*Asks:* 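Below are the structure tokens for one structure; questions will follow.
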There are 2 protein chains.
Amino acid sequence: MTTPLPRDPIADARRNWEDHGWTDVAAPMAAITAIMRTQQILLSRVEAILKPLGLTFARYELLALLSFARSGALPMNKASALLQVHPTSVTNAVDRLEKAGLVSRAPHPTDGRTTLIEITAEGRTLAKSATAALNAEVFSQSGFSPEDVDHLISILGRFRRDAGDFSDQDL
Amino acid sequence: MTTPLPRDPIADARRNWEDHGWTDVAAPMAAITAIMRTQQILLSRVEAILKPLGLTFARYELLALLSFARSGALPMNKASALLQVHPTSVTNAVDRLEKAGLVSRAPHPTDGRTTLIEITAEGRTLAKSATAALNAEVFSQSGFSPEDVDHLISILGRFRRDAGDFSDQDL
DNA sequence: GCAATATACTAGGACATCCAACGGTTTTGG
DNA sequence: CCAAAACCGTTGGATGTCCTAGTATATTGC
């Protein structure tokens, strides 16, 4: 990676906001910007681990989701809902996973509109390897202390619920 | 937006991890996934506000950065470093902002390799409007309590520093 | 029972991000 | 003082995300 900056650019942005009189929103702005940047860092770590396996994070997420499904299959729209991405993003991911022989499309037995995505044996094997790699290289050394992890899960869980991601009450 | 899911998909993923014996990394996995999803939600809110102004978040960030620079100008590589994105992303953003008359490129006075990005009067005006809109529509109603904001800034600040973003000691 | 509405997936297009490679410019070093 | 190395920005390509629109299938409602 590149040389670290001498100062935190987000802290600087916050100071700029305060200097311009937007004091009340300076802190939330900094928090939101920090989330954006943190996501970027984490995503690049994950992608670096998955790349040698021929996967991207988007494809891995779909593969992992299928591997945990009881039947190893899910309708496209269900996958879209669970992964919280646009249906066309799922189409895109399935296209590539299918081309790699990791999943296959099958018609839904009763609903002609629906397409089922099924994970193949190869897909299952690769999902296992990828999960092991991510566990060992990313999740086990996230850079967050256990307390930080708890805080993040709780803060972001409330946020996502309030944003309409899900309706669970138990947070 | 779509109907909320009955249950938190990230909490489900965490349970899956635990059921497979990856108990030690289940929580960090959940925290990281939550950051990814939260970023997605926040980005879409920001983009929705900027779209009517003809801006994207990437272009807004660059425009805002320039508007805060003393001289209203920055070298490309400096902007790349401060925004923490790849140089080609800056090239892309500048191309579009320039086409819209919001910034202009100028040669560096002493270093022939370097290109300066200068914000135009129009760019300055638009940056003001965009910041006002974001402050009013996003940052002032982030969905995070003041305590959450403090926690996030501190947790993510340490994380970004440890990840090599900057070398500040004062966190 | 059939037209109107809703749902599911996909095709095409706009943007953003990164990486690899290339052509200039500047700095380093022997 | 000139060749080698470092640095800067751009082009081209791969991926991902979303949106809009279009086709096909189901469900509704009169």
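Source: prediction; values computed, not measured. Letters A, B, ... mirror the listed sequences (proteins, then strands); counts begin at 1.
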*Asks:* Classify the side chain of Thr88(A) versus the base of dC19(D) as yes if they form a donor-acceptor pair under 3.5 Å and no if they do not.
*Replies:* yes
*Asks:* Could you tell me the separation between the NZ atom of Lys78(B) and the C1' atom of dG9(D), rounded to a whole number of Å?
*Replies:* 17 Å
*Asks:* Would you say Ser44(B) places a side-chain N or O within less than 4.0 Å of OP1 or OP2 belonging to dC18(D)?
*Replies:* no
*Asks:* Does one side chain, of Trp17(A) or Asn135(B), offer a donor that lies under 3.5 Å from an acceptor on the other?
*Replies:* yes
*Asks:* Does the side chain of His86(B) get closer than 4.0 angstrom to OP1 or OP2 of dC19(C) through an N or O atom?
*Replies:* yes
*Asks:* Between Leu62(A) (CG) and dT15(D) (P), how many Å, whole number?
*Replies:* 16 Å
*Asks:* Measure up the Phe144(B) and Phe159(A) rings against each other and bin them: parallel (under 30°), tilted (30 to 60°), perpendicular (over 60°).
*Replies:* parallel
*Asks:* Are any of Arg96(A)'s side-chain N or O atoms less than 4.0 Å away from OP1 or OP2 of dA14(D)?
*Replies:* no
*Asks:* Just how far, in rounded Å, is P of dG12(D) from CG of Asn92(B)?
*Replies:* 13 Å
*Asks:* Sort me out a list of protein N/O and nucleotides 25-27 of chain C N/O pairs below 3.5 Å, or just none if empty.
*Replies:*
from    : atom 1 : to        : atom 2 : distance (Å)
dT25(C) : O3'    : Gly112(B) : N      : 3.4
dT26(C) : OP1    : Gly112(B) : N      : 2.7
dT26(C) : O4'    : Arg113(B) : NE     : 3.3

*Asks:* How about Val25(B) and Leu134(A): do any of their side-chain heavy atoms sit closer than 4.5 Å?
*Replies:* no
*Asks:* Report the residue (Thr114(A) or Lys51(A)) whose heavy-atom-nearest nucleotide on DNA chain C is the more 5′ of the two.
*Replies:* Thr114(A)
*Asks:* Of Leu102(A), Thr115(A), Ile117(A), which meets side-chain contact (heavy atoms from CB on, under 4.5 Å) against Val94(A)?
*Replies:* Ile117(A)
*Asks:* Is it the case that Glu147(A) and Ser145(A) place a side-chain donor and acceptor less than 3.5 Å from each other?
*Replies:* yes
*Asks:* Please tell me whether Ser154(A) and Arg158(A) have a donor and an acceptor in their side chains that are separated by less than 3.5 angstrom.
*Replies:* yes
*Asks:* Counting just side-chain N and O atoms, does Asn77(B) come under 4.0 Å of either OP1 or OP2 of dC7(D)?
*Replies:* no
*Asks:* Would you indicate which nucleotide in dT20(D), dT17(C), dC15(C) comes nearest to any side-chain atom of Val85(B)?
*Replies:* dT17(C)
*Asks:* When the distance from CG of Leu83(A) to P of dG16(D) is rounded to whole Å, what number comes out?
*Replies:* 13 Å
*Asks:* Does a side-chain N-to-carboxylate-O contact under 4.0 Å join Asp8(B) and Arg14(B)?
*Replies:* no
*Asks:* Counting only side-chain N and O atoms of Gln40(A), is one of them less than 4.0 Å from OP1 or OP2 of dA16(C)?
*Replies:* no
*Asks:* Specify the separation, in whole Å, of atom CD of Glu47(B) and atom C1' of dC18(D).
*Replies:* 10 Å
*Asks:* Send over the distance from Leu43(A) CG to dA16(C) P, rounded to a whole Å.
*Replies:* 17 Å
*Asks:* Under 4.0 Å: is that the gap between some side-chain N or O of Thr56(B) and OP1 or OP2 of dA16(C)?
*Replies:* yes
*Asks:* In whole Å, what is the span from the NE2 atom of His108(A) to the C1' atom of dA24(D)?
*Replies:* 16 Å
*Asks:* Within the structure, does a side-chain N or O atom of Arg105(A) lie under 4.0 Å from either OP1 or OP2 of dT10(C)?
*Replies:* yes
*Asks:* Grab the CD-C1' distance between Gln39(A) and dT17(D) for me, whole Å please.
*Replies:* 12 Å
*Asks:* Answer yes or no: is there a donor N or O on one side and an acceptor on the other, between the side chain of His86(A) and the main chain of Thr88(A), under 3.5 Å?
*Replies:* yes
*Asks:* Can you identify which nucleotide, out of dC9(C), dC18(D), dC18(C), has its nearest atom closest to the Pro75(A) side chain?
*Replies:* dC9(C)
*Asks:* Just to confirm, is there a sub-4.0 Å distance from OP1 or OP2 of dT10(C) to any side-chain nitrogen or oxygen of Thr91(A)?
*Replies:* yes
